[in-house]
Amino acid sequence: MQDRPDPDALLQRIQQEQAQQQRGRLKVFFGACAGVGKTFAMLSAARAAQAQGLPVTIGVVETHGRTDTEALTAHLPRLPLRALPYKDRTLPEFDLDAALAWGAANPEGLVLLDELAHSNVAGSRHPKRWQDAEELLAAGIDVWSTMNVQHLESLNDIVSGITGIRVWETVPDQFFDAADEVVVVDLPPDELLARLKAGKVYLPQQAERAAANFFRKGNLLALRELALRRTADRVDDEMRAYRRASTTTPEAVWPNREALLACVGTGDNAEKVVRSCARLAAQLDLPWHAVHVETPEQQGQSATLHPQVERTLKIAQQLDAAACAVLPAAQPAQALVRYAREHNLVRVVMGRSTRRWPWQATLAEQIGQSASDLDLLQVGALPGRDAATDRKAPRTSTAAPRAAFWPGYIAAALACCIAAVIATPLANVLELTNIVMLFLLVVVGVALRFGRGPAIMAAFLGVGFFDFFFVPPRFNFAVSDAQYVVTFAVMLVVALVVGQLTAGLKVQAEAATEREHRVRSLYDMARDLSAALLPEQVAEIGARFITGEFSAGSTLVVADDDNRLQVLPGGTAPVDMAVAQWAFERGEPAGRGTDTLHSSPTLVIPLKAPMRIRGVLVVAMPQGQVPGVEPRRLLQTCASLLAISLERIHYIDVAQKSTVQIESERLRNSLLSAISHDLRTPLASLVGLAESLAMVQPPLPAHQQELTGAIQQSAQRMSALVNNLLDMARLEAGAVQLNKAWQPLEEVVGSALAACAPAIAAHRIEVTLPEDLPLLQIDAVLMERVLVNLLENAAKYTPAGTTLHISAQPQSDAVALTITDEGPGLPKGREELLFEKFERGARESATPGVGLGLAICRAIVQAHGGSIRGDTILNAQGQPAGARFTLLLPRGTPPTDLGADADTTSEV
C-alpha cells in the first residue's frame with residue numbers, strides 16, 4: 001500500500017501533459033553575455049532542423065553585422081518585419097500577426113525569435129518580446145530564442161552589482177523556468193575577449209569601450225558562474241520532477257548535486273549534529289535538511305515532542321535549513337533512507353552511537369546496510385558526554401501531566417487472573433493449546449487498551465499462571481515434561497511479539513487518527529473561510545479552530561491600508577500591541593515560545609499573505625503552555641489560511657470599488673461629452689449675436705452696449721467651460737495624439753504669456769530662464785495650454801498688482817519649470833485633491849470656474865512622461881505667502897540635425 005501512487009498527483013500529471021501537448025515548445029539558447037555565440041548556435045540548430053523537414057522561419061534575428069552569423073540566415077525564410085513610427089523615424093519590429101498566420105499554415109512550424117528580453121517599440125501589441133513568444137506558444141507554435149543571464153529578473157540586481165551596469169530589459173524567471181529546453185552556450189573568457197578584440201562581437205570603437213567597461217575578465221568569470229549555476233538549478237528541478245513522476249519511492253540517490261541530511265536525535269549531541277551540518281553546508285554552499293524520526297515508543301511516552309528535539313529543530317530553522325521534518329515511523333533507518341532518496345540528499349550527518357545489545361546494529365550500520373549509495377558522516381559526542389548518555393537522556397514534557405502508569409499494570413494482572421479463573425473449570429474439557437490461546441488473547445487486549453508495559457507484564461503473568469494452574473503437576477511451578485519448557489518459551493515469545501506489535505499499531509493508529517482529525521479540521525476551516533466576506537467572520541472562524549484544536553484563546557489583529565493595526569472584536573486572548581507591532585513589522589513570530597519577547601503570555605504569529613502581511617494572530621495557550629514543533633506548524637498553517645482569506649476579502653472590496661468608480665467615470669464622461677456637444681452650437685450662436693449687436697449702426701445706447709458686453713463675456717466664459725469639459729473627456733479617453741518635437745522652453749513660455757495676456761494684465765510678470773536650458777521633446781500647443789491654465793489660475797486667486805514668477809532649472813534627467821504667485825496659497829492638506837476633476841480651493845468662492853484646469857494640466861504633463869505638484873510657500877512667520885506649481889519634464893538627447901521645425905499643431 002505504501003507504493004500506491006497518489007490519485008490526485010496522477011490526475012494533475014495527466015492534465016499537465018494534456019496542456020503541454022496543446023502548447024508550443026520553447027527552447028532557449030542561454031549564455032553568460034553577448035558574443036558567446038547564442039544566435040549562431042540557434043541558427044545552426046535551425047538549419048539542421050530544416051534539413052530534417054521541419055518548417056522553420058525567422059521571426060526576427062539580430063546579427064549585429066557579424067558575417068558568419070548573417071551567412072547562416074541565407075537559406076532560412078524570413079517573416080516580413082512590421083514598420084512602426086517612433087518619434088521622428090520608423091523602426092522595424094517583429095510582426096506577431098504574420099507569425100501567427102504562418103504558424104496556422106504550418107502546424108509543426110518553428111519560429112526563431114532572437115533576443116527574448118527585447119523591449120518592443122511603442123504601438124506593438126505587447127511591450128516585451130517574451131510576451132510575443134508567450135502568445136505564439138499558446139497558439140501551439142514552437143519558438144526558439146536567445147537570452148543572457150543578466151536579463152533574468154531575479155539576477156538583474158546581482159549582475160548590476162558585479163558589472164556596475166543596470167540592465168533594464170528583463171525576463172520573468174517563471175517564463176524561463178517554463179521553457180521545455182535550455183541550451184547553454186558557453187565560451188571561456190579568454191576566447192571571448194579574443195573574439196571581441198578581433199571585431200567579431202562589436203565594431204572596433206564599440207569593442208574598445210566594451211572591453212574597458214562591461215567585458216572585463218572578472219565580470220565575464222562572474223557572469224559565467226551565474227549562468228552555469230542558474231542552469232544547474234533548473235536541471236536539478238527537472239531531475240527531481242522526473243524522479244517523482246517515474247517512481248513513487250526512488251530506489252537510489254543520484255549524486256549529481258550534493259545536499260545534506262542532519263539526523264536529529266533526543267540527546268544533547270543533536271545540537272552538535274545540526275551545527276556541524278550547517279557549517280559543512282555553508283562551506284560547500286549546499287542546501288541541507290534536518291529530520292527527526294519519532295518511533296511509536298516515543299509517541300507513547302508523551303503527546304509532544306522531546307524538548308531536546310524541539311530545541312534542535314528550532315536551531316536548524318535559525319541556521320537556514322531548507323526543511324525541518326518530524327517523521328513518525330517504527331524503523332528510523334528505513335524512514336531516513338526513504339526521506340534521503342525522495343529529496344535526493346547525498347550525505348547523511350548523524351551522531352556517533354553505540355550498540356545497546358551486542359547483536360543489535362547501530363543506526364549508522366542499519367543505514368549503511370540498506371543504502372550503500374549514501375555517504376555517512378558521524379559527529380562525535382560533546383566533551384564530557386558519551387553517546388549512551390545522550391541516547392538515554394530522560395524525556396520531559398511541558399504538556400499537562402499524563403495519567404499514572406500503575407492502573408494499566410493492575411488491569412493486566414486482573415485480566416490474567418480472570419482468564420485463569422475462567423479457564424480453570426474448562427481445564428478438563430479444553431486442550432492446553434486452547435488455554436494458551438486464551439492467555440494470548442488477554443495479552444492482545446491489554447496491549448490494545450494499555451500499551452507496551454502492561455502487555456509485557458500480561459505475557460509473563462500468562463506464562464506463569466498457565467504453568468501454575470494448568471500444566472501437570474498443577475499448583476506448582478515444577479514441570480513433569482521437559483517439552484513444556486519449549487512451550488513456555490514459545491508462548492512467552494509469541495505473547496511479547498504480539499503485545500509489542502499490537503501496542504505499536506495502536507500508537508500508529510492513534511497518531512493517524514490525530515493527523516486525520518487535524519487535516520479534516522483544516523479542511524473545514526478552509527471551506528468556511530472561502531465563504532467569509534468580512535474580517536470579523538474570518539476572526540470568528542479562526543478562533544473556533546484554535547479553540548477546538550488547542551483549547552486556547554485567540555485574537556485577530558489586522559492592518560488597514562495605512563498599516564495601522566486594529567484589534568477585531570470577539571477575541572479571547574489579551575493583546576500586547578508592542579509585541580504585535582514588532583511581529584507585524586518584521587514578519588517573524590514573537591512572544592511565548594520564541595526568542596523575541598518570550599516573557600509575553602501570548603504567542604504572536606504574523607499573517608503572511610502572498611502580497612503583504614495582513615496583520616497578526618495572537619494565541620494564548622492554556623495554563624501558559626509552550627506549543628511544540630507540530631502545534632507551531634499547525635498554527636502557522638492556520639495563520640496562512642487566515643491571511644489568504646483576509647487578502648481575498650481586501651481584493652474583493654478593491655474590485656467592487658474599482659468597478660463602481662469605473663462605471664461612474666464612464667457615465668459621467670458620456671454625460672459631459674453629450675452635454676458639451678449640445679451646448680457648443682447655441683453658445684457659438686450667442687457669442688456671434690452679441691458681437692453683431694456690438695457692431696450695429698447706429699451704435700446702441702450706452703446701457704444696451706453694457707448689457708451686450710456682459711452677454712458676450714458670459715457666453716465666452718461658458719464656451720471656455722464647455723471646451724474644458726470636452727478636453728477632459730478626450731484626455732481621459734486617450735483620444736489625444738501628442739505631436740512631439742524638440743522645442744526651446746523659452747518659446748513655449750513666451751507664447752503662453754501672449755495667449756493669456758488679458759487675464760494677467762493686472763499682475764507683474766517675472767521670467768527667469770537660464771541660457772543653458774536644453775531642448776525638450778514636447779507638444780508645444782498642449783504645453784502652452786498647461787502654462788496658460790496655471791497662469792490664469794494664479795491670476796484669478798491672487799490680488800491685482802502682485803507678481804507672478806516663472807523660472808526653470810535643468811536637472812540631471814529633467815527640467816523643473818516653476819510658476820509662483822503671491823496669493824493665499826493652497827488649502828492645507830488638499831494639495832493633491834486640487835488636481836482631481838471638479839475640485840476647487842474654496843467651494844463657496846465667487847471666483848468663476850468648475851475645477852478642471854489643474855486636472856487638464858496633470859493629464860497633459862503625465863502624457864509627456866512628466867509630473868506636476870503644488871505646494872504652499874511659507875514666510876518667515878510660517879504664514880502662507882503664495883502658491884507654487886512645479887512641472888518636471890523629462891529631458892533627452894536631441895539629434896544633432898533637427899532639420900526643419902516639425903508641425904506643432906495639436907488637436908484636443
Side-chain angles (χ1 to χ4, degrees), residues 240 253 258-282 284-295 298-299 302-329 332-351 363 367 374 376-377 379 390 393 395 397-399 511 514-515 518-519 522 583 586-596 598 603 605-606 608 619 626-640:
R240 292 173 185 268
V253 172
E258 295 185 349
L260 307 179
L261 172 62
C263 302
V264 178
T266 57
D268 294 336
N269 199 32
E271 295 184 10
K272 184 178 180 182
V273 171
V274 166
R275 291 191 172 94
S276 298
C277 186
R279 287 195 300 269
L280 184 61
L284 301 177
D285 192 19
L286 299 176
W288 64 286
H289 297 218
V291 172
H292 169 70
V293 179
E294 190 172 30
T295 62
Q298 295 173 344
Q299 294 175 355
S302 175
T304 61
L305 280 178
H306 193 287
Q308 181 61 42
V309 175
E310 291 188 7
R311 288 195 299 270
T312 306
L313 292 180
K314 187 175 180 179
I315 293 173
Q317 293 176 349
Q318 295 172 352
L319 294 176
D320 297 330
C324 295
V326 178
L327 308 176
Q334 297 179 5
L336 292 172
V337 171
R338 183 166 57 251
Y339 186 90
R341 287 175 173 171
E342 288 176 354
H343 296 81
N344 204 49
L345 306 175
V346 178
R347 296 184 183 180
V348 179
V349 182
M350 58 190 308
L363 180 61
I367 294 176
L374 296 179
L376 297 180
L377 178 60
V379 177
D390 291 339
R395 176 170 182 155
S397 176
T398 57
E514 180 67 20
R515 287 194 296 270
R518 290 185 174 180
V519 170
L522 286 173
R586 290 163 177 78
E588 298 178 1
R592 192 168 187 83
T594 67
D595 292 335
T596 304
H598 56 83
L603 172 64
I605 303 174
K608 295 182 180 180
V619 180
V626 177
V629 173
E630 287 299 321
R632 282 278 295 275
R633 188 176 301 172
L634 189 61
L635 287 173
Q636 291 283 3
T637 305
C638 172
S640 298

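Counting from 1, the numbers follow the sequence of the chain as shown.
- Between A590 and A583 the shortest heavy-atom distance is CB-CB, 4.3 Å.
- Summarising the geometry of W288 relative to D320, their closest heavy-atom pair is NE1-O, 3.7 Å, with the distance given to 0.1 Å.
- Summarising the geometry of C277 relative to V349, their closest heavy-atom pair is SG-CG2, 4.1 Å, with the distance given to 0.1 Å.
- Remark: side-chain polar atoms of H292 are paired, donor with acceptor, to backbone N or O of V264 under 3.5 angstrom.
- Rounded to the nearest 0.5 Å, atoms CZ (R592) and CG (L603) are 10.0 Å apart.
- Contact detail for C324 and A316: the closest heavy-atom pair is SG-CB, 3.8 Å.
- If you take OG1 on T312 and NZ on K272, they are separated by 14.0 Å, rounding to the nearest 0.5 Å.
- Minimum interatomic distance between L363 and P332 (heavy atoms only, all atoms of both residues): CD1-CB, 4.1 Å.
- The line from CZ of R347 to CG of L374 is 12.0 Å long, rounded to the nearest 0.5 Å.
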Check the pair L377, L280 against side-chain contact (heavy atoms from CB on, under 4.5 Å), reporting the backbone distance first and the verdict last.
CA-CA 11 Å; L377 178 60; L280 184 61; 3.7 Å; yes

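- In this structure, the side chain to side chain donor-acceptor pair (under 3.5 Å) partners of R279, at least two apart in sequence or on a different chain, are S276.
- Rounded to the nearest 0.5 angstrom, E271 CD and K314 NZ are separated by 12.0 Å.
- The nearest pair of heavy atoms linking L336 to C263 is CD1-SG, 3.6 Å.
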Exercise for review: Would you check, one step at a time, whether the test side-chain contact (heavy atoms from CB on, under 4.5 Å) holds for H343 with L261?
Suggested key: CA-CA 10 Å; H343 296 81; L261 172 62; over 6 Å; no

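- Separation of atoms CG (L313) and CZ (R633) is listed at 8.0 Å; rounding is to 0.5 Å.
- Going from atom CZ of R338 over to atom CG of L327 covers 8.0 Å, rounded to the nearest 0.5 Å.
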